[in-house]
Amino acid sequence: MDKNLKLPAHIAIIMDGNGRWAKKRNMPRVFGHKQGAKSVRSITTACAELGLKYLTLYAFSTENWKRPKQEVGFLMDLLSDFLDKETKTLMKNNVRLMTIGEIDKMDPKVHKKLISVKKQTSKNTGLTLILALNYGSKRELTLAMRAIAAGVLGKKIKVSDIDEELISKGLFTAGIPDPDLLIRTSGEMRISNFLLWQIAYSEIYVTDVLWPDFGKNDLFRALEEFSARERRYGGIQAK
Ligand code: FPP
C-alpha cells in the first residue's frame, strides 16, 4: 500500500455475508460466522498496525435477536470465545476495547466478560476497537431523546440548549469522532440501522466481497479509494 495515502481516523464496518459464504460451501450458516470471526481478528490487527485510531464493527444488531435461537446462541458463544482468546493479542497490539449498544441486556456471562476486557484494555493507547452489540441506531436515538426530555422536564436542560453537540453527547458513541469511512461487505446497499446520526458525512464503500473473505488486501483497496475521494462536507472544493 502507498505510504502517502490519506488514512481515515475511524472506520466503521457492516460485516455482512457470513451466511451466504457458508451456503456457497453447502455448510451451515454458523460456519460462516466462525470464519467471519477470523476476519474480525485479521482486520483488527491490520487497523492497529496501520495506526488507525478507531474501528467500529457491527457485530450484533437489535434486529439480530429475530434469528433462530441456535444461531443467536452460536454468535454469543463466538463472542465469548473471542474475548477469552483475543485479550492477549489486544494487549500486545495496544488495542482498547469499547462497546456501543445495550450490552447489559445480553447474556450475563457475556456481559461480565465484556466489562472485564474493556477494563483490562482501558489504558491501551493504540487502536480503539468498538464492538456494536445489541446495537440499533433508532434505539440509540430514542434513548438519547428520552434523556434530553427528562432533562428538560427536570429543568436541567433548556429547550434552546438542545443542539447537535448535546444530542451527540447522549449517544452510545459520545466522545468518539464520527466514522470517516463506512465499509459494507457482500454488496448490499443498505445502512441497516447502523450509526444513522454518526455517518452523516462518512464516505461509503460497498464491496461484493463476503465478510469471511474480507482480508488485508480488501481493506487496503477500500483505503486507497477513500484516499482518492474528495470530502466537501456540503461545501465546495477548496482552491
Ligand atoms: C452478517 O452476516 C453477520 C452478522 C449478523 C454477525 C457478525 C458476526 C461476526 C462477523 C462473527 C463474530 C463477531 C465477533 C466480534 C467475534 P449474515 O449472517 O447476515 O450473512 P448473510 O446476509 O449472507 O445471511
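Remember, it's 1-based here, ligands and their atoms both numbered in the order they're listed. For this chain, numbers begin at 1 and follow the sequence in order.
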Novice: Mind checking whether Lys34 has a heavy atom under 4.0 Å from ligand 1?
Specialist: no
Novice: From the options Ala37, Ala59, Gly17, select the one whose nearest heavy atom is closest to atom 6 (C) of ligand 1.
Specialist: Ala59
Novice: Is a side-chain donor-acceptor pair under 3.5 Å present for Ser186 with Arg20?
Specialist: yes
Novice: By the ring-ring contact (aromatic ring centres under 6.0 Å, His included) test, which pairs, at least two apart or in different chains, include something from residues 22-53?
Specialist: Trp21-Phe31
Novice: Taking the non-hydrogen atoms of Arg29, is any one of them nearer than 4.0 angstrom to ligand 1?
Specialist: yes
Novice: Under 4.0 Å, heavy atoms only, figure out whether ligand 1 is touched by the backbone of Leu210, its side chain, both or neither.
Specialist: neither
Novice: Counting only heavy atoms, tell me which of His33, Glu188, Gln35 gets closest to atom 11 (C) of ligand 1.
Specialist: His33
Novice: Of all the non-hydrogen atoms in the protein, which one sits nearest to atom 1 (C) of ligand 1, and at what distance?
Specialist: Met15 O, 3.1 Å
Novice: Should the proximity of Trp211 to ligand 1, defined as any heavy atom under 4.0 Å, be assigned to the side chain, the backbone, both, or neither?
Specialist: side chain
Novice: How does Arg67 reach ligand 1, by side chain, by backbone, by both or by neither, if only non-hydrogen atoms under 4.0 Å count?
Specialist: side chain
Novice: Under 3.5 Å, is there a donor-acceptor pair between the Ser202 and Asp178 side chains?
Specialist: no
Novice: For the atom pair OG1 (Thr142) and CZ (Arg139), what is the distance rounded to the nearest 0.5 Å?
Specialist: 7.0 Å
Novice: Could you tell me if Ser168 and Trp197 have a donor-acceptor pair between their side chains, going purely by distance under 3.5 Å?
Specialist: yes
